[in-house]
Participant: 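Please see the structure below; I have some questions.
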Amino acid sequence: MLRICGFLVFLLVVTSCSDGIEDGVAALNSGDYAKALQMLRPIAEYGNSDAQYWMGVMYFYGYGVVQDDAEAMKWYRLS
């Protein structure tokens with residue numbers, strides 16, 4: 001029973017992360033950088049490589065953050 005509950009929690013987290021990444025990338029593409037940052041940063045900090053990549057993009061180009069090559073590289077390496 002505990003394994004089933006753990007698996008269901010895992011599925012919930014993965015599904016919500018995927019939705020958050022898609023919404024964050026959509027916000028990024030539409031130019032709503034504050035919303036993209038708000039959505040992607042927590043997922044990236046949680047360890048999701050897709051969100052980490054997009055954080056790298058945001059720092060590399062300065063989308064919604066101060067452009068910072070070192071911070072961009074940090075996120076790219078984590079991804």
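What you see below is based on every heavy atom in this structure, not just the backbone, and it leaves out hydrogens, waters and symmetry mates. Fair warning: this is a prediction, and the values are worked out from it, not measured in the lab.
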Participant: Can you tell if the side chain of R41 reaches within under 4.5 Å of the side chain of W75, non-hydrogen atoms only?
Facilitator: yes

Participant: How many angstroms lie between atom CD1 of I43 and atom CG of D23, to the nearest 0.5 angstrom?
Facilitator: 8.5 Å

Participant: Going through the checks in order, is the side chain to side chain contact (heavy atoms under 4.5 Å, CB included) test met by D50 and N48?
Facilitator: CA-CA 6 Å; D50 292 331; N48 182 281; 3.3 Å; yes

Participant: Would you say Q67's side chain and F60's backbone share a donor-acceptor pair under 3.5 angstrom?
Facilitator: yes

Participant: Quick check on K35: does its NZ atom have over 12 non-hydrogen neighbours (other residues, nucleotides or ligands) under 6.0 Å away?
Facilitator: no

Participant: Which heavy atom in G64 sits nearest to a heavy atom in L37, and how many Å separate them?
Facilitator: O-CD2, 4.1 Å

Participant: If you take all heavy atoms of S79 and Y53, which pair is closest and at what distance?
Facilitator: CB-N, 3.7 Å

Participant: Rounded to the nearest 0.5 Å, how far apart are CD1 of I21 and CG of L28?
Facilitator: 12.5 Å

Participant: To the nearest 0.5 Å, what is the distance between CH2 (W54) and OH (Y63)?
Facilitator: 9.5 Å

Participant: Looking at every non-hydrogen atom in both residues, tell me the closest pair between L40 and A51 and how far apart they are.
Facilitator: O-CB, 3.8 Å

Participant: If we only count heavy atoms from C-beta on, is the V57 to Y76 side-chain gap below 4.5 Å?
Facilitator: yes

Participant: If I compare all heavy atoms of A36 with all of A27, which pair ends up nearest, and what's the gap?
Facilitator: N-CB, 3.8 Å

Participant: Once you round to the nearest 0.5 Å, how far does CG of D68 lie from CE of M58?
Facilitator: 13.0 Å

Participant: Just by distance, do the side chain of Q52 and the backbone of A44 share a donor-acceptor pair under 3.5 Å?
Facilitator: yes

Participant: On a heavy-atom basis, which atom in Y59 and which in V65 lie closest, and how many Å separate them?
Facilitator: CD2-CG2, 3.5 Å

Participant: Are Y46 and M39 connected in a single hydrophobic cluster, I mean Ile/Leu/Val/Met/Phe/Trp/Tyr linked by side-chain heavy atoms less than 4.5 Å apart?
Facilitator: no

